[in-house]
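Scroll down for the structure; my scribbles are underneath it.
All ligand and atom numbering here is 1-based and tracks the order in the structure. What you are looking at is a predicted structure, and each value in this text was computed from that prediction instead of being measured. FYI, side chains are in, hydrogens and waters are out, and symmetry mates aren't considered; it's all heavy atoms of this structure. Heads up: numbering here begins at 1 and tracks the sequence.
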Amino acid sequence: MIIKGGNVFLDSRFVKRDLFISGEKIVSSSSGEVIDASGKYVVPGLVDMHVHFRDFGEEHKEDWRSGSEAALAGGITTVFDMPNNKVPITSKKLLDQKRDKVSSKALVDFELYISVNNSNVDEINENKIKFVKLYYGHTTGDNKVDDAGDIFKRISKDIVIVVHAEDNRVMEENRKKFDVSEKRYHSLVRDNKAEYTAVKDLIGFAERYGNKLHITHVSCKESAEMIKNAKKRGVKVTCDTCPHYLFLDDSLYDKIGNRAKVNPALKSGEDREALWKYLNDGTIDCVCSDHAPHTLEEKNRDYENCPSGFPGVETTLPLMLTAVNEGKIKLEDFIPKMTTAPAKIFGLERKGQLKEGFDADVVIIDLNKEGAISGNKLQTKVKWSPFEGMKTQGSSVRVIITDKVY
Ligand code: NCD
Ligand code: ZN
C-alpha cells in the first residue's frame, strides 16, 4: 500500500512525502493499492491510554466490538482499557482471562490495566507487569486501596503507576458542607482541593520511593502546577487530561443536570483555560478520552443513582482538531500527545511513529472537514455525548491498522 502525497508526521514535524506499508509494517518502499492523501495530514494511529470498553456483564453500555468501532471512527488504533470491570481485574489470572476474551472481539490494538491494591503488589512484581492502575480516590467500581504509600514503596520501580487522583477524606468533608440538592453538588464535593491534595500526596510518594507516576485525567490548575514543579525537581511524573476538562466546565450542569457527572468532576472555566496553557507548555504529556459510557437511562437518574462518566473515544480527535483550527494548540504539538508520548511512557516499541519497522497504524486527517457532534451518529452503544451540538472542524477520514483500511 502507498499513501501518496500527504503531509506525513515524522520526527515531530510534517513533511510532504509518500508512506509505504507492507503487511503489518511501515517500510521504505512498496507497491500496491494507492491511497491519495494530498492536502491531508498523515499521522500515526492514535493511542488512547484511558478507556472503559465494559463488556463482561455491562455490554448494554459497551462491548469490545462497539468500543472498537467507536475508536476507529475517532482515529484511535490502540486503547488501554481500565480494570474496573464488574469483576475488577486484580490478578494475573483475571488479566489473562480478560485478554483471551477481548482478543476475538477487538478491532484495535489494546493493552489492559491491572488494578493494584495492598494485597496484590507481590503478584504484580513477580509477573513482570509494566503498568498498573491505582484508584487513590473512590470511583465507579470496586477498587479500594487502603495504603497507597505502602504500594509505592513495595512495587517494582520500573512499573508505571497510573493513578486516579482524588482524596477520599477531602470529599467526605465536602459532603458534610453541601446539600445534594445543589445543582453543582458533584463538583462541590469533588473540588480542586480533592484532586490536588491527592496529587500532592502521590508526588510525595513517587519522590520518596522513586516510582514512575502517571496522573490520569488532570482536571484543575493546581494539580497541573504541582506536576510542573515536580517535573522540574526531577520526579518521574507524567500526566494527561481529557477533552471534557478542556472543552467543558461546571456550567454544563445548567444544561444537562446530573448527566454532567464525571470523575474527577468538571471544574471552573478558569481551570479549563489553564489546562490549555499546561498542555502547550508540556506539563500535560498526553490527551486521552476516559471513554466511560453509561446509557442515557442511567445518566438521567437522580444524583445518587446516576453513574459518573462520559463517552468520548470518537469525539476526542475532532474536538482537538477543532482546537488546532482555532489556534489553541498546534497540530504538531497535539499529535505527540496521542502518539509518541503514550508510546514512550508505556514502552510501546512499535507504536506512535511512522518510521520504517513501526506498526502500520496510520490515520489520515482532513483538517477542514466540518461536522457537529450528535449522540445519535456515534458508534458507541450509548447514543449521547456531553459535547452534543458542538461544531467541529477536522477529523480522521481514513484509518489503516495493520493493513486493514477503515
Ligand atoms: C469511570 C467509569 O465509569 O468507569 N467514570 C468516570 O467518571 N470517569 C471511572 C473512572 O475512570 O473514574
Ligand atoms: Zn476512567
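- Residue contacts with ligand 1: Y135 is placed with no nitrogen or oxygen under 3.5 Å of a nitrogen or oxygen of the ligand (distance criterion only).
- Only the side chain of R54 comes within contact range of ligand 1, with a heavy atom under 4.0 Å; no backbone atom does.
- Between W64 and F110, the two ring planes are perpendicular [angle over 60°; tilted spans 30° to 60°].
- Annotation for K200: atom NZ does not count as buried by contact number, only 12 or fewer foreign heavy atoms lying within 6.0 Å.
- Using cut-offs of 30° and 60° on the angle between ring planes, the pair F205 and Y209 is parallel.
- Taking every heavy atom of H164 and a limit of under 4.0 angstrom, the matching atoms of ligand 1 come to 12 (O).
- Remark: side-chain polar atoms of N85 are not paired, donor with acceptor, to backbone N or O of V87 under 3.5 angstrom.
- Contact annotation: for D290 versus ligand 1, heavy atoms closer than 4.0 Å belong to the side chain alone.
- Considering backbone and side-chain atoms together, A292 places no N or O closer than 3.5 Å to any N or O of ligand 1.
- Between F131 and F346, the distance separating the two ring centers is shorter than 6.0 angstrom.
- Side chain of N280 to backbone of K328: a donor-acceptor contact under 3.5 angstrom is found.
- When NE2 of H52 and OD1 of D290 are joined through the Zn ion (ligand 2), the resulting angle is 90° to the nearest 10°.
- Here D96 does not pair with K93 in a salt bridge; the nearest charged N to carboxylate O distance is not below 4.0 Å.
- Heavy atoms of M82 found under 4.0 angstrom from ligand 1: none, in either backbone or side chain.
- By the 4.0 Å heavy-atom criterion, H294 is counted among the residues contacting ligand 1.
- Among the atoms of H164, none of the N, O or S atoms falls under 2.8 Å from the Zn ion (ligand 2).
- Against a heavy-atom cut-off of under 4.0 Å, V262 is close to the following atoms of ligand 1: 7 (O).
- Where the criterion is an N or O separation shorter than 3.5 Å, residue side chain and backbone included, K133 fails it with respect to ligand 1.
- The stretch residues 294-312 participates, sequence neighbours left out, in these salt bridge (Lys or Arg N to Asp or Glu O under 4.0 Å) pairs: K61-E298, E297-R301.
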